[in-house]
Amino acid sequence: MRTENCLIELGTEELPPKSLKTLATAFADNLASELAATDLPYSEIHWHATPRRLAVSIIALVEKQEDKVIEKRGPAVSAAFDDQGNATKAAMGWARSNGIEVTEAQRLKTDKGEWLLHKASVQGQATASLLAGIVEKAIKKLPIPKPMRWGAKNTQFIRPVHTFTMLYGGELISGSVLGLSSTRTIQGHRFHGEKRFELDHADNYLPELEKHFVVADYQKRQDKIKQQLETAAAKEDAQINIEQSLLDEVTSLVEWPVVLVASFEDEFLKVPKEALIYTMKGDQKYFPLLDADGQLKSRFLFVTNIESKDPQQIVSGNEKVIRPRLADARFFFETDKKQTLESRLVSLESVLFQKQLGTLAEKSSRISALAGKIAQRIGADVALSERAGMLSKTDLMTEMVMEFPDVQGVMGMHYALNDGENESVANALNEYYQPRFSGDKLPSSEISCAVALADKLDSLVGIFGIGQIPKGDKDPFALRRSAIGVLRIMAELNLPLDLNDIVDDAYALLADKLSNDNTKEQVIDFILARFRTWYQEQGIEIDVIQAVMVNRPTNPADFDARVKGVAQFKTLESAQSLAAANKRVANILDKNAVTSSATLNSALLVEPQELALAEQIEQIDAKIAPLLSQSDYGQVLVTLSSLKEHIDAFFDNVMVMADDEKIKENRLALLMKLRALFLQCADVSLLSH
């Protein structure tokens with residue numbers, strides 16, 4: 001069957017840059033889904049996107065559907081004819097619906113009886129006749145939260161659409177979408193070349209657009225921007241940190257990228273670099289340059305959409321734009337320094353954290369007290385931890401943070417240093433927000449850890465305590481992120497903390513405000529449940545996590561050591577048989593309702609194999625005791641793996657369910673002791689292979 005490459009393009013007004021990539025990929029995915037549902041196979045599908053277009057290239061799309069034979073089963077023969085052999089109403093109705101007479105029906109014989117059958121030949125429809133409907137369905141499924149109308153039309157889309165093109169090879173496919181008929185007209189660059197041109201063939205879409213100053217291939221355009229940025233930075237003898245989110249946004253803002261260099265006055269460098277970088281990146285989409293020491297330079301890069309004959313005019317324009325923003329940052333910084341963070345504590349009383357949990361002033365007091373308790377548990381300076389906790393929210397009341405919210409924390413650090421606060425306190429004001437996102441770095445000091453844990457636990461216990469537990473995708477207080485942060489800090493930094501203890505501490509500080517009696521248990525379960533996602537992202541298999549979760553270790557550092565030990569154990573040759581043996585032991589004990597209080601009587605051990613196993617259990621129990629105290633669970637399980645031959649010999653030669661009741665109970669007690677050995681690490685019976 002003939003195939004051709006197909007192009008579908010919507011020419012629009014400027015699309016929202018932060019949504020462009022999502023819209024483009026969703027458009028391609030939706031089209032792929034609809035083509036599959038319509039039985040129109042193809043080889044590949046590629047999306048293209050610029051600020052003024054969404055497009056999809058479908059490679060080797062068939063020209064029509066395959067012809068089909070559809071079998072339509074009718075009523076059973078016994079119900080299709082009466083005693084005289086005449087067709088019943090059921091049979092006649094079924095035949096009429098298929099456009100045949102009952103006598104024309106075929107028969108289908110099965111094990112369950114005989115049925116009337118009609119085989120209908122259905123001719124495949126031409127792709128050209130189906131494509132507009134497929135595109136329309138794909139558009140309706142796009143993630144557009146707020147569609148808009150334009151002109152006198154009733155059609156809706158995320159932005160006004162001016163052109164619509166469907167080409168099958170060199171053939172223009174007719175059809176209408178969003179009130180527009182398909183044409184060959186393609187929008188060029190807004191300022192360069194022809195504003196519109198006619199496209200002769202789907203294969204020429206990308207090269208023809210480049211002739212009209214549009215790089216429609218999103219990845220190619222992004223690569224071009226990145227290469228220009230790196231080249232320009234090298235010429236400036238500077239370092240550049242190209243964040244993917246900013247690169248995506250800039251790629252979505254231009255069609256013909258050109259990177260230029262601009263500058264600002266050195267006097268602005270007296271302002272903390274974080275504030276300047278935030279306003280350059282967040283407000284203006286500029287790329288700051290850093291020197292070899294990581295300090296901000298007074299030069300920056302930006303991406304323009306025009307290849308100008310006089311680029312200095314564009315540079316000057318951007319310098320005029322950035323100057324007032326930097327001046328604002330400088331003004332806020334100088335104004336904020338006139339007031340200490342401590343003096344801002346009173347202003348926190350006017351800001352509500354949560355109606356039932358009180359103001360930010362109350363939250364700060366709780367963080368301070370809890371940070372002190374945590375500091376005491378981990379050997380950190382209690383007074384400094386309490387001080388950092390008390391000041392932790394004060395920078396939210398500064399002009400700088402009110403104007404640039406993303407610099408909260410880091411500005412607290414700068415203002416604390418300006419106030420003469422202890423350096424550890426100042427660093428904690430910045431680091432207690434960490435980790436802010438997946439893969440983010442952790443607090444660098446024990447004081448910072450104490451405040452970070454206190455802030456997160458206060459939110460977790462408080463919100464759970466008033467019954468506002470996260471459900472589905474609703475998590476307004478970002479409690480899942482807080483829970484993962486708690487786990488990462490405690491596990492990765494190997495802090496000697498138990499969730500039971502610190503959740504108790506947090507609960508005690510909030511108790512008079514809480515109404516949920518199950519708060520503590522629910523918070524701990526919620527935090528431990530985050531382990532599953534965290535470990536699976538690291539490639540650790542679910543059965544390993546479940547094997548550890550059985551014991552519900554509430555010390556995250558200990559939990560982490562167990563998981564790594566079990567993961568290491570699972571790679572051993574003996575792991576599979578030991579897991580199977582543990583499963584067998586567990587099943588026997590469950591069926592016989594053996595309790596942990598069952599005691600082993602050495603005098604009742606009669607078979608050589610059970611004597612040997614009992615002796616080995618005693619020896620290994622002594623060997624692993626110091627390993628358990630060091631949380632060296634990997635070595636514990638390696639040591640336990642030496643029991644394999646003795647366990648196998650026991651099951652091969654010893655009848656557990658002996659006729660003598662005392663011997664049977666003693667052997668069950670031996671198995672209980674064996675299982676208890678392994679359970680000190682994890683339930684390895686849950687491991688699969």
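Atoms considered below: every heavy atom in the structure, side chains included; atoms not considered: hydrogens, waters and symmetry mates. What you see is a predicted model, and the numbers here were worked out from it, not measured in a lab.
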Which residues pass the side chain to side chain donor-acceptor pair (under 3.5 Å) test with E403, sequence neighbours left out?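 Applying side chain to side chain donor-acceptor pair (under 3.5 Å) to E403 gives none.
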Kindly indicate whether the side chain of [X], heavy atoms from C-beta on, has any atom under 4.5 Å from the side chain of [Y].
X	Y	value
F302	V315	yes
L54	T12	no
V451	I367	yes
I447	V425	no

Would you call [X]-[Y] a salt bridge at under 4.0 Å N-O?
X	Y	value
R190	E14	yes
K393	D455	yes
D458	K363	yes
E210	K220	yes

Taking all non-hydrogen atoms of both residues, which atom of [X] and which atom of [Y] are closest, and how far apart?
X	Y	answer
I527	L457	CD1-CD2, 4.1 Å
N5	A202	O-CB, 3.4 Å
E255	G188	OE1-O, 4.1 Å
D266	S298	OD1-OG, 2.7 Å
L246	Y286	CD2-O, 3.6 Å
I173	A128	CG2-O, 3.4 Å

Pairwise ring pair (Phe, Tyr, Trp, His ring centres under 6.0 Å) hits with a residue in residues 391-410, at least two apart: Y278-F404
Which pairs, with at least one residue in residues 199-237 and sequence neighbours excluded, count as a ring pair (Phe, Tyr, Trp, His ring centres under 6.0 Å)?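 Sorted pair list: W47-Y218, H48-Y205, H192-F213, F197-H212, F213-W256.
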Begin from the C-alpha positions of T50 and S252 and carry the test side chain to side chain contact (heavy atoms under 4.5 Å, CB included) through to its verdict. CA-CA 6 Å; T50 77; S252 301; over 6 Å; no
Hey, can you pull the donor-acceptor pairs under 3.5 Å for the side chains in residues 134-154, sequence neighbours left out?
residue, atom, partner, partner atom, Å
K141, NZ, E34, OE2, 2.5

Which pairs pass salt bridge (charged side-chain N to carboxylate O under 4.0 Å, His left out) with one or both residues in residues 275-299, sequence neighbours excluded?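 Listed by first then second residue: E236-R299, E243-K281, E249-K285, D283-R325.
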Taking only residues at least two apart or on different chains, which pairs with a member in residues 18-31 satisfy salt bridge (charged side-chain N to carboxylate O under 4.0 Å, His left out)?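 Sorted pair list: K21-D248.
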Under the side-chain contact (heavy atoms from CB on, under 4.5 Å) test against V259, which residue among K226, Q228, Q227, K224 passes? Q228
From CG (L7) to CG (L61), nearest 0.5 Å: 12.0 Å
Return the set of residues passing ring-ring contact (aromatic ring centres under 6.0 Å, His included) with [X] (not counting sequence neighbours), or none when no residue passes.
X	value
Y433	none
F164	none
F332	none
F331	none

Geometric cation-pi criterion, R530 with F526: 6.0 Å, 45°: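 Yes, R530 lies over the aromatic ring of F526.
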Under the side chain to side chain donor-acceptor pair (under 3.5 Å) rule, what pairs show up with a residue in residues 475-492, not counting sequence neighbours?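 Qualifying pairs, neighbours excluded: R488-E492.
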Given side chain to side chain donor-acceptor pair (under 3.5 Å), test S448 with S445 step by step and report yes or no. CA-CA 5 Å; S448 298; S445 74; 3.0 Å; yes
Under the salt bridge (Lys or Arg N to Asp or Glu O under 4.0 Å) test, residues paired with D560 that sit two or more places apart: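 Applying salt bridge (Lys or Arg N to Asp or Glu O under 4.0 Å) to D560 gives K564.
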Please evaluate residues S174 and M166 with respect to the criterion side chain to side chain contact (heavy atoms under 4.5 Å, CB included), reporting the C-alpha separation (whole Å), side-chain torsions for both, the decisive distance (0.1 Å), and the verdict. CA-CA 7 Å; S174 61; M166 294 189 298; over 6 Å; no
Under the side chain to side chain contact (heavy atoms under 4.5 Å, CB included) criterion, do V161 and T155 qualify, and how do the steps go? CA-CA 10 Å; V161 181; T155 51; over 6 Å; no
I'd like to know whether R53 forms a salt bridge (Lys or Arg N to Asp or Glu O under 4.0 Å) with E9, so could you lay out the CA-CA distance, the side-chain angles of the two residues, the decisive distance to 0.1 Å, and finally the verdict. CA-CA 7 Å; R53 75 201 72 241; E9 192 213 56; 3.1 Å; yes
Go through it in stages, so that I can follow the logic: the residues are Q187 and T163, the test is side chain to side chain donor-acceptor pair (under 3.5 Å), and I'd like the CA-CA distance, side-chain angles, deciding distance and then a yes or no. CA-CA 8 Å; Q187 295 184 138; T163 64; 4.9 Å; no
